[in-house]
Protein chains: 2
Amino acid sequence: MEALFQHMERYIKLREEDKVLLSGALSLREVKKKEHLLEEGRLCPYNYFVSKGCCRLYYVNDKGIEHTVQFGIDGWWITDLMAYVGGQPSGYYLQAVETGAVVLWDRRTEDALLQQIPALERYFRLVLLRSAAAEQQRNRYLSDFSGEERYHHFNNSFPEFVQRVPQYMLASYLGFTPEFLSKIRARKA
Amino acid sequence: MEALFQHMERYIKLREEDKVLLSGALSLREVKKKEHLLEEGRLCPYNYFVSKGCCRLYYVNDKGIEHTVQFGIDGWWITDLMAYVGGQPSGYYLQAVETGAVVLWDRRTEDALLQQIPALERYFRLVLLRSAAAEQQRNRYLSDFSGEERYHHFNNSFPEFVQRVPQYMLASYLGFTPEFLSKIRARKA
DNA sequence: CGGTCTCTTGACGGAGTTCAAAGCTAGTGG
DNA sequence: CCACTAGCTTTGAACTCCGTCAAGAGACCG
């Protein structure tokens, strides 16, 4: 929870009473490695702030193949936005990649909190601005680079992160099969 | 400009004085077909509201191939978010696909306007929420469907829009070459 | 240890690209 | 209002990246 306050204070000022309000309204949830926070077909009234550890958002296509669409590490928000906004059943799974903790932001208490702490409107606007910008960037990498280029680029940009996740998750995030990732690595060695 | 007010009023209430403030701070710009609002290498201190017509955001890769990353029709915001947020030179082009008009939202007057009309924080939060959700959706289509499936899906979803844009733009948006689009169409006929 | 994930390796196949050339369309100026 | 040109679309052949399938080798956890 403290991690969330710190994150918020990078963008807005929080008074002590705001923190009290937030502490009362939000809940911190510990998650074990591989545990699911959301599964396909369920409603998703939450936005998740990764306080500690690492989560991933993925879906399973009709051939049974997993596709990771987002990793969320410490200090990122992550959720199925369509299901969060629209209230329909989700088409995604949200899973803890590592043991850690998330803060649950509940859509059903969102309006009340935003009224009591108007600065949060600004906070979420800025957070969304950055995540939309990141998505735009990711789209560009996915469409412009070859699989091998994406791997090397990602590997150079986040060398420590690559060690933290299994290769099949990384492959599905980078948009190719685990077999192909294995072949890239064999070439480079 | 009136189109923008209507869009804002779908999410928040605007007082007459707010509209006066906005009218003074924002500018409406007419654009001719094929005209560029932003070019690679330039700064991008604007967010663009498409008031009438259709714009597209694209980049050119090192082989000289254009990739359309977003279409913005009436009632959508469109810009290079990285360059807008970060203030670096843009890596994108923003071009009018049809003759029309856009409203320019200037980052340099953003803070002042948001202070004078706090409800706008909420408006932009909700707009960004929806556009981030749309990007998440688009990512899924791009990674999970074959080129041919994407074409048919898009064609069924937006049959009237497909008529409005040249095929090479559509192909680059759907993630394949104009030649391939031509072959899909030949198969179906 | 034993079983279940995870990673590697190789042969084959297919979706989509590249290159080149020809046909078509639409905008522009005379 | 027609003719010309530049840009857009079509078509085909060769090629490539990467997926699929299958089988085996590690690696991790109870």
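To find a chain, count down the sequence lines: A is the first, B the second, and so on, and within it residues start at 1. In this text, all values refer to a predicted model and were calculated from it rather than measured experimentally. Side chains are part of it too, since the values below use all heavy atoms of this structure and drop only hydrogens, waters and symmetry mates.
- Look at NZ on B:Lys33: it is 14 Å from C1' on C:dT28, rounded to the nearest Å.
- Closest non-hydrogen pair, A:Ile12 versus A:Ala119, comes out as CG2-O, 3.6 Å.
- B:Gln163 has its CD atom 16 Å from the C1' atom of D:dC8, to the nearest Å.
- Rounded to an integer number of Å, the gap from A:Asp144 CG to C:dT17 P is 13 Å.
- A parallel orientation is assigned to the rings of B:Tyr59 and B:His67, their planes being inclined by less than 30° (bins at 30° and 60°).
- If you take CD1 of A:Ile65 and C1' of D:dG19, they are 9 Å apart, rounded to a whole angstrom.
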Collect all protein-nucleotide pairs involving nucleotides 6-16 of chain C in which both atoms are nitrogen or oxygen and the distance is under 3.5 Å.
| residue | atom | partner | partner atom | Å |
| --- | --- | --- | --- | --- |
| C:dT6 | OP1 | A:Lys34 | NZ | 2.8 |
| C:dT6 | OP1 | A:Tyr168 | OH | 3.4 |
| C:dC7 | OP1 | A:Gln167 | N | 2.8 |
| C:dC7 | OP2 | A:Tyr168 | N | 3.1 |
| C:dT8 | OP2 | A:Gln167 | OE1 | 3.3 |
| C:dT8 | OP2 | A:Ser182 | OG | 3.1 |
| C:dT8 | O5' | A:Ser182 | OG | 3.1 |
| C:dG10 | N7 | A:Lys183 | NZ | 3.4 |
| C:dA11 | N6 | A:Lys183 | NZ | 3.3 |
| C:dG16 | OP1 | B:Gly147 | N | 2.5 |

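- One end of the helix from C:dC1-D:dG30 to C:dG30-D:dC1 points its axis 60° away from the other end's axis, with each axis taken from 5 pairs and the angle rounded to 10°.
- A salt bridge between B:Asp111 and A:Arg122 is present, with a side-chain N of the basic residue lying under 4.0 Å from a carboxylate O of the acidic one.
- Here B:Glu35 pairs with B:Arg29 in a salt bridge; the nearest charged N to carboxylate O distance falls below 4.0 Å.
- Taking atom OH of B:Tyr151 as the reference point, atom C1' of D:dT9 lies 13 Å away to the nearest angstrom.
- The pair A:Glu66-A:Arg56 meets the salt-bridge criterion, with a side-chain N (NZ, NE, NH1 or NH2) lying under 4.0 Å from an Asp/Glu carboxylate O.
- The pair B:Arg140-A:Asp80 fails the salt-bridge criterion, with no side-chain N (NZ, NE, NH1 or NH2) lying under 4.0 Å from an Asp/Glu carboxylate O.
- In this structure, A:Arg138 forms no cation-pi arrangement with A:Tyr141, as its terminal cationic atom is not both closer than 6.0 Å to the ring centre and no more than 45° off the ring axis.
- A salt bridge is defined here as a Lys NZ or Arg NE, NH1 or NH2 lying under 4.0 Å from an Asp or Glu carboxylate O, and A:Glu110 with B:Arg125 meets this definition.
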